[in-house]
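Below, each value reflects all heavy atoms present in this structure, side chains not excepted, and no hydrogens, waters or symmetry copies. Please read these numbers as outputs of a predicted model, since none were measured by experiment.
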Amino acid sequence: MNLTQNIEIAPSVLAADFARLGDQIAEADEGGADYIHLDVMDGHFVPNLTFGVPIIAAVRGSTEAVFDVHMMVDSPEDYIDELAAAGADIITVHVEAVDQLHQVIKQIKDSGTLAGLALSPATPVTTLQDILPELDLVLIMSVNPGFGGQSFIPNTIGKIEQVRRMLDDNGLTAKLEVDGGIGPDNAEDVVTAGARVLVAGSAVYSSVDGVASAIKAIRDAACRGL
């Protein structure tokens with residue numbers, strides 16, 4: 001069995017050169033990325049401000065890779081249909097930003113995209129219990145959301161293990177994704193804990209060895225955890 005097929009790498013363009021964003025996305029795609037992770041931030045839910053629907057629509061033509069859109073915004077329901085039309089394949093919202101959670105997850109699915117739910121580091125995994133069967137993806141934040149280049153929070157390992165048990169005990173197939181401070185040095189531990197989709201920004205786009213080599217290094221390290 002090819003163990004690399006069990007691990008998916010999602011380079012985060014938050015760490016890319018925005019002056020040539022399309023080229024950087026294409027480079028990640030050609031370098032072996034499974035997803036392209038796009039962080040939408042509104043300056044309210046998190047202090048940072050990144051990009052929105054027009055940019056995602058503009059770079060959609062750069063690749064056929066899966067667009068994994070992570071919404072760090074208040075009232076994400078206001079943008080879901082537009083993001084789907086712009087080319088999102090997965091739309092992930094934060095549990096902390098949504099009041100009517102089942103309704104928003106249904107809206108995402110009705111838009112034709114896969115539905116994900118993200119938890120910030122201080123949010124307990126118990127918030128997932130009622131909604132978990134409806135999800136296609138669970139995103140565990142291993143840094144506080146809002147900025148790239150942060151260090152991995154070690155306590156996240158326990159949360160990953162908890163969510164993996166919840167999924168397995170209930171026979172659920174949702175992807176378990178981790179985002180924040182991921183690189184070759186901790187990818188094995190994250191996968192051992194139960195994650196299968198690894199988001200990496202700085203470790204990919206700031207690597208002196210280039211994007212393709214960085215993706216391979218993370219994947220190789222991650223596979224040691226299987």
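Q107 CD to D110 CG: the interatomic distance, rounded to the nearest 0.5 Å, is 8.0 Å. We find the CG-CG distance between D136 and L114 to be 4.5 Å, quoted to the nearest 0.5 Å. Rounded to the nearest 0.5 angstrom, I91 CD1 and L137 CG are separated by 12.0 Å. With values rounded to the nearest 0.5 angstrom, T92 atom OG1 is found 11.0 Å from M141 atom CE. Expressed to the nearest 0.5 Å, how far CD1 of I7 lies from CD1 of I9 amounts to 6.5 Å. To the nearest 0.5 Å, the span separating CD1 on I153 from OG on S120 amounts to 9.5 Å.
Nearest heavy-atom pair, I215 versus A33, reported as atom, atom and distance to 0.1 Å: CD1-N, 3.9 Å. Heavy atoms only, all atoms of each residue included: A195 and I160 are closest at N-CG2, 3.6 Å. In this structure, V73 and V40 approach most closely via the heavy-atom pair CG1-O, 3.5 Å. Taking both residues in full, the closest heavy atoms of L198 and A187 are given as CD2-CB, 3.6 Å, listed atom of the first, atom of the second, then distance.
At least one side-chain heavy atom of L83 sits under 4.5 Å from a side-chain heavy atom of M71. Looking only at side-chain heavy atoms (C-beta outward), Q150 and N144 come within less than 4.5 Å of each other. Side-chain contact between L119 and L139: absent, with no pair of heavy atoms (C-beta onward) separated by less than 4.5 Å. Taking the side chain as every heavy atom from C-beta outward, M72 and E96 never approach each other to under 4.5 Å. Between F67 and I90, every side-chain heavy-atom pair lies at or beyond the 4.5 Å cut-off. Looking at N155 and K159, their side chains never come closer than 4.5 Å, going by heavy atoms from C-beta outward. Side-chain contact between S142 and P154: absent, with no pair of heavy atoms (C-beta onward) separated by less than 4.5 Å. Side-chain contact between F152 and I157: present, with at least one pair of heavy atoms (C-beta onward) separated by less than 4.5 Å.
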Under 3.5 Å, which donor-acceptor pairs do the side chains of residues 47-62 form with other protein atoms, sequence neighbours left out?
residue: N48; atom: ND2; partner: G146; partner atom: O; Å: 3.1
residue: T50; atom: OG1; partner: D39; partner atom: O; Å: 2.8
residue: T50; atom: OG1; partner: M41; partner atom: N; Å: 2.9
residue: R60; atom: NH1; partner: G87; partner atom: O; Å: 2.9
residue: R60; atom: NH1; partner: D89; partner atom: OD2; Å: 3.1
residue: R60; atom: NH2; partner: T63; partner atom: O; Å: 3.0
residue: R60; atom: NH2; partner: A65; partner atom: O; Å: 2.6
residue: S62; atom: OG; partner: V59; partner atom: O; Å: 3.3

Donor-acceptor pairs under 3.5 Å, side chain of residues 199-213 to any protein atom, not counting sequence neighbours: which ones?
residue: Y205; atom: OH; partner: Q24; partner atom: O; Å: 3.0
residue: S207; atom: OG; partner: D209; partner atom: N; Å: 3.1
residue: S213; atom: OG; partner: D209; partner atom: O; Å: 3.4

Contacts table for residues 165-181: side-chain donor-acceptor under 3.5 angstrom, sequence neighbours left out:
residue: D168; atom: OD1; partner: R164; partner atom: NH1; Å: 3.2
residue: N170; atom: ND2; partner: M166; partner atom: O; Å: 2.7
residue: K175; atom: NZ; partner: E8; partner atom: OE1; Å: 2.9
residue: D179; atom: OD2; partner: H37; partner atom: NE2; Å: 3.3

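Note on Y35 and V69: separate hydrophobic clusters, where clusters join Ile, Leu, Val, Met, Phe, Trp and Tyr whose side-chain heavy atoms are under 4.5 Å apart, directly or indirectly. By the criterion of side-chain heavy atoms lying less than 4.5 angstrom apart, applied directly or through intervening Ile, Leu, Val, Met, Phe, Trp or Tyr residues, Y79 is grouped together with L101 in one hydrophobic cluster. Both I25 and I218 belong to a single network of hydrophobic side chains, linked directly or stepwise wherever heavy atoms of I, L, V, M, F, W or Y lie under 4.5 Å apart. If you chain together hydrophobic residues whose side chains sit under 4.5 Å apart, I140 and V93 fall into the same group. A continuous path of hydrophobic side-chain contacts links I36 to F18 [ILVMFWY only; heavy atoms under 4.5 Å].
Of the possible donor and acceptor atoms, none in the side chain of K216 sits under 3.5 Å from a partner among the backbone N and O of G31. At least one donor-acceptor pair closer than 3.5 Å links the side chain of D42 to the backbone N or O of D74. T192 places a side-chain N or O within donor-acceptor distance of the main-chain N or O of E188, the cut-off being under 3.5 Å.
Comment: D220 does not engage R224 in a salt bridge, judged by the lack of any side-chain N to carboxylate O separation of less than 4.0 angstrom. Taking a cutoff of 4.0 Å between a charged side-chain nitrogen and a carboxylate oxygen, D34 and R196 do not qualify as a salt bridge.
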Check against side-chain contact (heavy atoms from CB on, under 4.5 Å), H102 and I105: CA-CA 5 Å; H102 285 82; I105 294 301; 5.9 Å; no
Check against side-chain contact (heavy atoms from CB on, under 4.5 Å), D17 and D23: CA-CA 9 Å; D17 179 355; D23 291 341; over 6 Å; no
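When each of L132, V163, V138 is checked for a side chain to side chain contact (heavy atoms under 4.5 Å, CB included) with V125, only V163 meets the rule.
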